[in-house]
Structures are given as structure tokens and as C-alpha cells.
Amino acid sequence: MNAPVLVINCGSSSIKYALIDSDPQAPRLEGIAERLGSEEARLKGKNSAGERFTQPLPGADHTQALSTILERMEGRLPAAVGHRIVHGGEHFTQAALIDDSVMAAIQTTAALAPLHNPANLAGIAATQNVFPELPQVAVFDTAFHQTMPPRAYRYALPENLYAEHGIRRYGFHGTSHAYVSQRAGELSSRGTGGWLAAHLGNGCSTSAVWNNQSQDTSMGLTPLEGLVMGTRSGDVDPGLHAHLHRQLGWSLDKIDNVLNKESGLLGLSGLTNDMREIEEAAEQGHATAQLAMEVFCYRIAKSLAALSCALPQLDGVIFTGGIGENSPIVRRHVLSLMPHFGFVLDNDANEATIRGKEGKLDSAGHDGPQVWVIPTDEEGRIAMETRHCLETRV
Ligand code: AMP
């Protein structure tokens with residue numbers, strides 16, 4: 001299948017899109033329709049010459065925004081649509097051609113991702129209105145982690161909570177972890193083997209991948225578990241909820257909101273959720289920014305060290321995401337906390353590998369576990385999985 005794939009990531013008031021050719025050198029048409037349903041709705045994007053545009057779409061809904069996106073495709077009509085779907089529960093271990101039964105399964109899983117799956121379903125319906133003749137494929141954030149063994153995905157809770165209510169670790173950022181670990185295997189002299197991946201952006205997660213199969217990951221039932229993130233707390237004592245409720249009278253909604261929106265780098269620093277600003281403030285001696293940086297990096301190192309237990313052999317670590325790809329400070333700090341793992345960082349390579357560059361950061365001649373920066377490509381991976389799903393369907 002050589003024609004382009006349209007990759008769609010639908011939120012409740014936004015649609016991110018990318019038109020991706022099978023030739024990786026071909027320019028991508030990409031952008032975002034945002035604030036849908038309001039008078040401020042607009043489409044922002046990039047054309048094939050790389051020029052940026054903003055088009056107001058007052059009052060537009062998802063279907064109207066998709067019709068405008070179609071007009072912006074410069075006559076390059078897609079052969080299929082690939083949808084990013086946040087939660088596939090245990091139903092989906094790989095991408096699926098969308099039909100009524102797939103829609104019903106995504107609906108069933110909505111209880112596990114109440115903010116995301118309904119918006120994803122609305123996006124599929126709108127896309128079917130605008131592209132009724134195109135095959136549509138669902139690509140799940142959770143699917144890559146379905147290879148985890150029970151020891152990694154089960155919580156130590158009563159069995160019926162798993163069996164009847166699906167309470168278990170699912171993990172997220174699956175397309176990113178899948179892409180960077182496969183790419184590391186292709187680029188590295190050590191090949192496909194045991195890789196630890198750290199996806200560090202606004203959301204952050206780690207994974208342990210053996211032979212291109214996820215063995216464990218830091219996010220859990222929801223994307224709140226694990227590392228410190230921009231505004232998310234990551235791991236806390238599970239007794240915290242009861243304590244805040246009993247001692248401070250906080251409601252569940254308030255606790256949920258504080259842990260998801262007011263914690264993480266923002267909560268610790270009291271300043272910002274943006275790592276660039278944390279780095280600047282820390283550099284200027286701001287104590288809470290320094291603390292936020294220390295907790296952030298320590299928790300990444302601790303998570304990577306823990307996940308190494310899931311691998312029979314360690315071939316290397318991969319940094320990706322906005323912070324992982326752009327912050328030599330975070331990379332150096334994390335690795336300095338793992339001296340017994342045998343990573344040897346070349347400082348010049350670390351400083352030079354930023355802004356979308358792919359690279360190996362080890363000192364020359366080092367033959368221990370390697371350190372890689374691999375810019376993630378979630379849209380490219382979704383397009384690839386969409387093609388694969390259509391080419392292999394029976
Ligand atoms: P993402 O969600 O992957 O877009 O990543 C967003 C995060 O990457 C934010 O915390 C940004 O501050 C961070 N980031 C982007 N560029 C840099 C940079 N040059 N140095 C440090 N952090 C950066």
C-alpha cells in the first residue's frame with residue numbers, strides 16, 4: 001500500500017492529524033484543529049512546503065474540522081485512516097480494522113479511560129462521515145504492553161477486581177516505546193535484545209523491552225502511575241487518598257484533580273510544569289526548581305533500575321520525548337544515579353544530541369550497555385501499524 005495514511009488523534013475538543021506517505025522522505029502534512037465547538041475553533045498546520053498556516057473555524061465541530069483538513073491535503077488523498085486510541089483494555093494486542101465489534105469493544109473499555117475513549121469514538125464517527133469509503137484502523141496506546149507477564153501486570157489486590165473489573169497494569173505510550181525500542185535494535189551493534197526506554201515529555205513513562213516485546217512499564221491502570229510528570233504526581237503511597245479524605249475532608253474529585261493537574265514538576269517547584277523553565281530556574285539557584293529536578297531524575301533512575309529486573313540481559317537505555325530528546329542535563333543526571341549499570345556517557349555526544357537528532361551517547365570503545373537518544377515518532381508508527389493491519393488482514 002503506497003498511498004498515504006491519515007493519522008488522527010481525537011480529543012474532546014481537538015483533532016491532531018498527520019498525512020504520512022509510505023516513503024519516509026516525503027513531507028508530512030500535519031496540524032491540529034483545536035477549541036472545537038467554540039467560537040475560537042481554528043486549524044493550525046503545515047503544508048508540504050513546510051509553511052505554517054492558521055485558519056479560523058468558528059463554531060466548527062469534529063466533522064467540519066475534518067472536512068477542512070481534507071481540503072488542506074493538496075490532492076494527496078489517503079488510502080486509509082489510522083486512529084490513535086488510548087485504551088484497548090485486554091481486547092486488543094495489536095491494531096484492528098474498525099467495524100461494529102471493534103467500536104463496541106472500545107466502548108466497553110471506556111470505563112478505564114473515561115476522558116479519552118469516548119472522544120476517540122466520536123473521532124471515528126466523524127471520520128466515517130467525511131471518509132465513508134476509507135478503511136479505518138484503531139491503533140491502541142496499550143496494545144504494545146499486552147505482552148507483559150502477569151507478575152508485571154497484576155496488582156496485589158483481591159482476584160475478583162482483576163477478573164470482574166479489569167483492574168491491572170495496562171501501560172501507555174505503547175506506540176512510542178514500540179517505535180524507539182525497535183529503532184534501537186536496528187541502529188545498535190547489540191541488535192534487538194534487552195532495552196530500557198524512558199519516554200520523558202509532559203507525560204513520562206519507562207518500559208523494559210525484550211526482543212521487541214514489552215515486559216514491564218511504569219504506567220498502570222491509568223497514566224497517573226509511575227514517574228514524576230509535568231503536572232502528574234506519579235507514584236504516591238496508596239494510603240494518601242484515605243488520609244487526604246479523612247484529615248482534610250477532600251473529595252475524590254479534588255484528590256484526583258490535585259494528583260493529575262497540580263502535582264509533578266509544577267507541584268514540587270511551585271513554578272511551572274515546563275522542564276525548560278525548571279532547568280533555567282534551577283540554574284539560577286531556585287531551591288524548589290532544584291528539588292523538582294532532583295526528584296524527577298531520581299525517580300527515573302529508580303524506575304529504570306527496577307525495570308531492569310524484567311530483562312534477562314541489558315543492552316542499553318533509550319531516551320525519548322520532549323525532555324529525553326532535548327535535555328542533556330536530565331540525561332546526565334539520570335545516568336549519574338546508575339553508576340553500577342556500566343553506562344559510560346560521552347559528554348560531547350550528550351550535549352550535541354538535541355532537537356530531533358538520533359544518536360548514541362557512549363564513549364568511544366565502550367562495549368557495555370549503550371545509551372541512545374531516539375526521537376519518537378508515534379504518528380509514523382501508527383501509520384506503519386495501519387498499513388500492516390490492512391496488508392495482513394485475511
Ligand atoms: P512532549 O510532551 O514530548 O512534547 O515534551 C514536553 C516537555 O519537553 C516539556 O516539559 C518541555 O519543557 C520539554 N522540553 C522541550 N524542549 C526542551 C529543551 N530544550 N530542554 C529541556 N526540556 C525541553
Side-chain angles (χ1 to χ4, degrees), residues 7 9 11 14 16-18 28 30-32 34 44-46 84 86 115-116 141 171-181 183 197-207 217-219 223-224 226-234 260-284 286 288-300 318-336 345 347 349-359 361 372-382:
V7 174
N9 182 358
S14 68
K16 270 174 98 175
Y17 72 94
R28 290 183 183 183
E30 55 194 356
I32 181 166
E34 53 192 12
K44 288 185 353 188
K46 213 169 68 174
R84 178 185 187 182
V86 167
L115 297 181
H116 294 104
D141 253 21
F172 298 87
H173 292 143
T175 50
S176 179
H177 288 292
Y179 173 77
V180 299
S181 54
R183 185 85 185 124
H199 176 108
L200 310 175
N202 271 321
C204 300
S205 66
T206 49
S207 69
T217 189
S218 60
M219 282 179 167
L224 182 57
L227 305 178
V228 173
M229 311 183 210
T231 61
R232 283 174 252 171
S233 62
N260 275 291
K261 306 229 168 95
E262 297 176 22
S263 300
L265 293 175
L266 175 65
L268 280 165
S269 70
L271 294 171
T272 173
N273 63 337
D274 189 302
M275 180 49 87
R276 279 166 293 204
E277 292 170 20
I278 295 278
E279 286 185 0
E280 274 169 35
E283 171 76 22
Q284 287 159 14
H286 206 296
T288 59
Q290 288 169 347
L291 177 71
M293 182 63 119
E294 271 183 44
V295 178
F296 182 79
C297 292
Y298 177 65
R299 291 270 293 276
I300 297 165
I318 307 156
F319 289 95
T320 193
I323 300 171
E325 293 165 28
N326 290 298
S327 176
I329 295 176
V330 167
R331 296 188 302 236
R332 188 174 57 238
H333 195 144
V334 169
L335 294 177
S336 75
L345 188 67
N347 277 326
N350 185 35
E351 296 295 328
T353 310
I354 50 173
R355 291 197 204 99
K357 277 198 210 144
E358 207 167 52
L361 307 189
W372 283 84
V373 174
I374 307 220
T376 195
D377 184 10
E378 292 174 276
E379 287 80 15
R381 175 82 189 189
I382 291 171

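We count ligands from 1, going down the list as the structure has it; atoms in each ligand are counted the same way.
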Heteroatom proximity flag, [X] to ligand 1, N/O under 3.5 Å:
| X | value |
| --- | --- |
| S327 | no |
| L200 | no |
| D274 | yes |
| M275 | yes |

Please walk me through it: do R276 and S327 pass side chain to side chain contact (heavy atoms under 4.5 Å, CB included)?
-> CA-CA 8 Å; R276 279 166 293 204; S327 176; over 6 Å; no
Pairwise side-chain contact, R183 with R381, heavy-atom cut-off 4.5 Å (strictly under) | no
In terms of side-chain geometry, is the basic nitrogen of R332 or E351 positioned less than 4.0 Å from the acidic oxygen of its partner?
-> yes
With no hydrogens and no angle check, just 3.5 Å: does a side-chain donor-acceptor pair link [X] and [Y]?
| X | Y | answer |
| --- | --- | --- |
| S218 | T206 | yes |
| S14 | E34 | no |
| H199 | S176 | yes |
| T376 | H173 | no |

Among all protein heavy atoms in this structure, tell me which lies nearest to [atom], with the distance rounded to 0.1 Å.
| atom | result |
| --- | --- |
| atom 14 (N) of ligand 1 | G322 O, 3.6 Å |
| atom 23 (C) of ligand 1 | R276 CG, 3.6 Å |
| atom 6 (C) of ligand 1 | N202 N, 3.8 Å |
| atom 13 (C) of ligand 1 | I323 CG1, 3.5 Å |
| atom 19 (N) of ligand 1 | N326 CB, 3.5 Å |

Taking only heavy atoms of G201 into account, list the atoms of ligand 1 that are under 4.0 Å away from them.
-> 1 (P), 2 (O), 3 (O), 5 (O)
Checking heavy atoms under 4.0 Å, the part of E279 that sits near ligand 1 is side chain
Protein heavy atoms: any of them under 4.0 Å from atom 4 (O) of ligand 1?
-> no
Among E325, E358, E378, the one residue meeting side-chain hydrogen bond (donor to acceptor under 3.5 Å, both in side chains) with T320 = E325
